[in-house]
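Heavy-atom basis, side chains included; hydrogens, waters and symmetry copies ignored. Quick note: residue numbers are just sequence positions, from 1.
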Amino acid sequence: MRRIGAVLCALTLAFAVPAAPAGAAAPPVRSTVLRAAMDGSGVDTLNPFLAFFNGALETFGMVYPSLNSLDPSGAPGPYLATKWEPSADRLTWTFTIREGLKWSDGKPITAEDAAWTLNLIMTDAVAGTANGSLVSNFEKVTAEGPATLVIKTKAPQASVPYVSHPMSGIPIVPKHVWEPLAKNLKDAKNDVFPLVGYGPWTLTEYKQEQYAKFTANKEFVLGPPKFDNLVLQSFKSGDAAVAALRSGQIDYKAGVNPTQFKALQADPKIAAVRTVGNGWMGLEINHNARTRSGKKIGTGHPALGDPALRKAIALATDKQTLVTKVIDGVGRLGHGYLPPAWPQWFWTPAQPTPYDPAQANRVLDEAGYTKGADGVRTDPKSGRPLAFRFGIHSDDAADAAISGYVVGWMKEIGIKLTIQSLSMTALNSDLAKGDWDLLMDAWTTGPDPTYLLGIQSCGTLPKDDGTGGNTDSFFCDAAFDELFKKQLTTFDQGERAKVIGEMQEILYAANVNQIYYYADGLDVARKDTVTGLTLGKPDADGVYPSQTAFWSYLNAAPATATTAAKAEGSGSGMTWVAGGIALVVVLGGVLVWRRRAGGADRE
């Protein structure tokens, strides 16, 4: 058991500091702080080569640079690189790297940092744990001077400008800091603060499952943040985060649930914005846990390797009820592996699997799974009952709601599920070892699908020694892998979309990842403390494009008395909801913080 950490909150100023009389000392300088809820996944590790929780990826996107940024349309934009050009045969990409930028410790940032980072991921299995699939087609990366990076690929690769961008791409790290750590990379904690990096923020303090504190980089090349500090606070539940927002302890939370969202829409002090879903919620099935060499691992139930059983599970699942009851209709029915935020890759099957428990029972009868006196079927090969562990996240209300329905539906077809409520860390630790049967999971993705599709490729299976790999269901299919390579080399977007559709069709038919729904993003912020720009414009239904923390936290600004008054009268359909800042009292040049003890334990 781990005690939830103390809540960090800023002491806000509810009034203006009066002007000092003539001859008197000037009033203390006020330092501005943005206080937001950390992504509910938390931070699995501060080692950027190993991490894949959203909380960690958001952090790395803010404190480490990338070759490219992403503009509001999702197209690659400048960051470390000012331009990038492929050769005529599209096998060589040349990136022009900015000169004059420095790491936070004063060392110059050069093309060699990028070349070293990418080469390490290409050649070291541990370094490739999180992002190895993004460079699987790279042949050679070299720095031809401090301002020129050259990437040579084995075959033409359309996604090269998407390989390194904030959040879902590869962060570039300082070679002089990480080269000594590379000798034992799997044990590198990266917990010496402030972290040496370069981005809109510098991470100055981090307490696991409590908070992360950042200071602004006022020299940031894409424009400095508009306030001085950022605090991302961890909460034991979404309800606790919403309570903190209402009371003014935080200024912004992304990803509230529909019930919370509707309640907050009625609060005149809160701006509530709906965005198109950039991720999915679904079920993963441990059908054949093994290593890259084919060695079987884990304790998964052998019957789950049977396609007929997985098909029956899909037939017995009423996805529409989950959309209606769990997310209150605020989202879309799930089928394909890529979410609707990126319509160029969105796919739906020609014949979706219906909700048909009678057919599910027939499928199991025909496959030889007979029911016992207790109503539970038996696997004819192993002689074991169809009794499976069902792992859910202990701090996720959606998981809890979904699991209640699924347990009932599976009982109707002779399958017994035992819910195992685990912390995010414990659940993912068991995942890599194969010590599970069924798991609830969710993934989000950026505009290029390479990373998310890559975690379903054979190359992400773990090695025999347990290192490497970022698989989520041990899926490995030769046809899928060939199409994965093909989509990388297809430059015409329409043709690439067809290939990616074929890949999603393979995943859909395998029923190893059963996508339940794509929930819309629901973001809320305090009108009295924050103003900023949301990327893009809402559609006819008032739904905004998917947002990213990188731009939201960079663009957020203090809400003056005038803007706050305007905001309060404008309702929830606002042109901003990025993050919030509050004023923090500074005494003697030192920030004054309050600590509030958490109220419960977390497993």
Begin with the C-alpha distance, continue with both residues' side-chain angles, and end with the deciding distance and a verdict on side chain to side chain donor-acceptor pair (under 3.5 Å) for D472 and W443. CA-CA 10 Å; D472 66 351; W443 280 90; 3.2 Å; yes

Using side chain to side chain contact (heavy atoms under 4.5 Å, CB included), reason through T353 and L315 one step at a time and then give a plain yes or no. CA-CA 6 Å; T353 300; L315 285 165; 3.6 Å; yes

What verdict does the side chain to side chain contact (heavy atoms under 4.5 Å, CB included) test give for I419 and V407, after you've listed the backbone C-alpha separation in whole Å, the side-chain angles of each residue and the deciding distance to 0.1 Å? CA-CA 8 Å; I419 295 175; V407 168; 3.9 Å; yes

Any chance you could lay out the side chain to side chain donor-acceptor pair (under 3.5 Å) test for T45 and N47, step after step, and finish with the verdict? CA-CA 5 Å; T45 173; N47 184 329; 5.3 Å; no

Carefully, step by step, assess I402 and M281 under the rule side chain to side chain contact (heavy atoms under 4.5 Å, CB included). CA-CA 10 Å; I402 289 170; M281 174 74 82; 3.8 Å; yes

Determine, step by step, whether M503 and F484 satisfy the side chain to side chain contact (heavy atoms under 4.5 Å, CB included) criterion, reporting the C-alpha distance in whole Å, the side-chain angles of both residues, the deciding distance to 0.1 Å, and the verdict. CA-CA 7 Å; M503 297 173 71; F484 181 75; 3.7 Å; yes

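Scanning both residues, A314 and Q514, for their nearest heavy atoms gives CA-OE1, 3.4 Å. Taking every heavy atom of both residues into account, A51 and L57 meet most closely at O-CD2, 3.9 Å. Considering all non-hydrogen atoms of both residues, S69 and P166 come closest at CA-CD, 3.9 Å. Taking both residues in full, the closest heavy atoms of I413 and N361 are given as CA-OD1, 3.3 Å, listed atom of the first, atom of the second, then distance. Minimum interatomic distance between L483 and V499 (heavy atoms only, all atoms of both residues): O-CG1, 3.4 Å. Looking at every heavy atom in both residues, N286 comes nearest to L304 through O-CB, 3.6 Å.
Checked against side-chain contact (heavy atoms from CB on, under 4.5 Å), P339 has the following partners two or more places apart in sequence or in another chain: W342, T445, Y518. The salt bridge (charged side-chain N to carboxylate O under 4.0 Å, His left out) test applied to R389 returns D437, not counting sequence neighbours. Residues passing the salt bridge (charged side-chain N to carboxylate O under 4.0 Å, His left out) test with K154: none are found, sequence neighbours excluded. Partners of F390 under the ring-ring contact (aromatic ring centres under 6.0 Å, His included) rule, at least two apart in sequence or in another chain, do not exist in this structure. Partners of F388 under the ring-ring contact (aromatic ring centres under 6.0 Å, His included) rule, at least two apart in sequence or in another chain, are H301. Residues forming a salt bridge (charged side-chain N to carboxylate O under 4.0 Å, His left out) with R274 (at least two apart in sequence, or on another chain): D520. For A497, the side-chain contact (heavy atoms from CB on, under 4.5 Å) partners at least two apart in sequence or on another chain are W345.
Remark: aromatic rings of Y337 and Y508 are distant, center separation not under 6.0 Å. Taking the six-membered ring wherever Trp is involved, the centroid distance between the rings of W178 and F49 falls below 6.0 Å.
The distance from the OH atom of Y198 to the CD1 atom of I109 is 6.5 Å, given to the nearest 0.5 Å. To the nearest 0.5 Å, atoms OG (S133) and CD1 (I121) are separated by 10.0 Å. To the nearest 0.5 angstrom, K319 atom NZ is 12.5 Å from Y517 atom OH. Remark: N119 CG to K140 NZ distance equals 9.5 Å, nearest 0.5 Å. Atom CG of L80 is separated from atom CZ of F95 by 10.5 Å, given to the nearest 0.5 angstrom. T460 contributes atom OG1, which lies 7.5 Å from atom CZ of R292 (distance to the nearest 0.5 angstrom).
In this structure, the side chains of P385 and D379 stay at 4.5 Å or more apart for every pair of heavy atoms. When side chains are defined from C-beta on, I313 counts as touching I415, because their heavy atoms get closer than 4.5 Å. Looking at heavy atoms from C-beta onward, L50 lies out of side-chain contact with L185 at the 4.5 angstrom threshold. Between K416 and M410 there is no side-chain heavy-atom pair separated by less than 4.5 Å. A heavy-atom distance below 4.5 Å is found between the side chains of W84 and P76. When side chains are defined from C-beta on, P171 does not count as touching S66, because their heavy atoms never get closer than 4.5 Å. K152 places none of its side-chain heavy atoms less than 4.5 Å from the side chain of L91. In this structure, S473 and Q456 have side chains that are in contact, with non-hydrogen atoms separated by less than 4.5 Å.
Pairs of residues two or more places apart, or lying in two chains, that qualify as salt bridge (charged side-chain N to carboxylate O under 4.0 Å, His left out) and include a residue from residues 498-514 are E495-K498. Residue pairs meeting the disulfide bond (SG atoms under 2.5 Å apart) criterion with at least one member in residues 472-521, sequence neighbours excluded: C458-C476. Residue pairs meeting the side chain to side chain donor-acceptor pair (under 3.5 Å) criterion with at least one member in residues 479-490, sequence neighbours excluded, are Q487-R496. Legend: side chain to side chain donor-acceptor pair (under 3.5 Å) pairs involving residues 48-60, not counting sequence neighbours, sorted by first then second residue: N54-T444. The list of salt bridge (charged side-chain N to carboxylate O under 4.0 Å, His left out) pairs with a residue in residues 339-367, not counting sequence neighbours, reads D365-R377.
Remark: the H393 side chain and the D399 side chain contain an N/O donor-acceptor pair separated by less than 3.5 Å. Side-chain contact of T110 with E112: a donor-acceptor pair under 3.5 Å is absent, judged by distance alone. Looking only at atom types and distance, the side chain of D89 has a donor-acceptor partner in the side chain of S87 under 3.5 Å away.
Across L120, D113, L118, a single residue satisfies side chain to side chain contact (heavy atoms under 4.5 Å, CB included) together with W116, and that is L120.
The side-chain tip of R290 does not point at the ring of F474 from less than 6.0 angstrom away and within 45° of straight on.
In this structure, F60 and Y64 have tilted ring planes: the angle between them lies in the 30° to 60° band.
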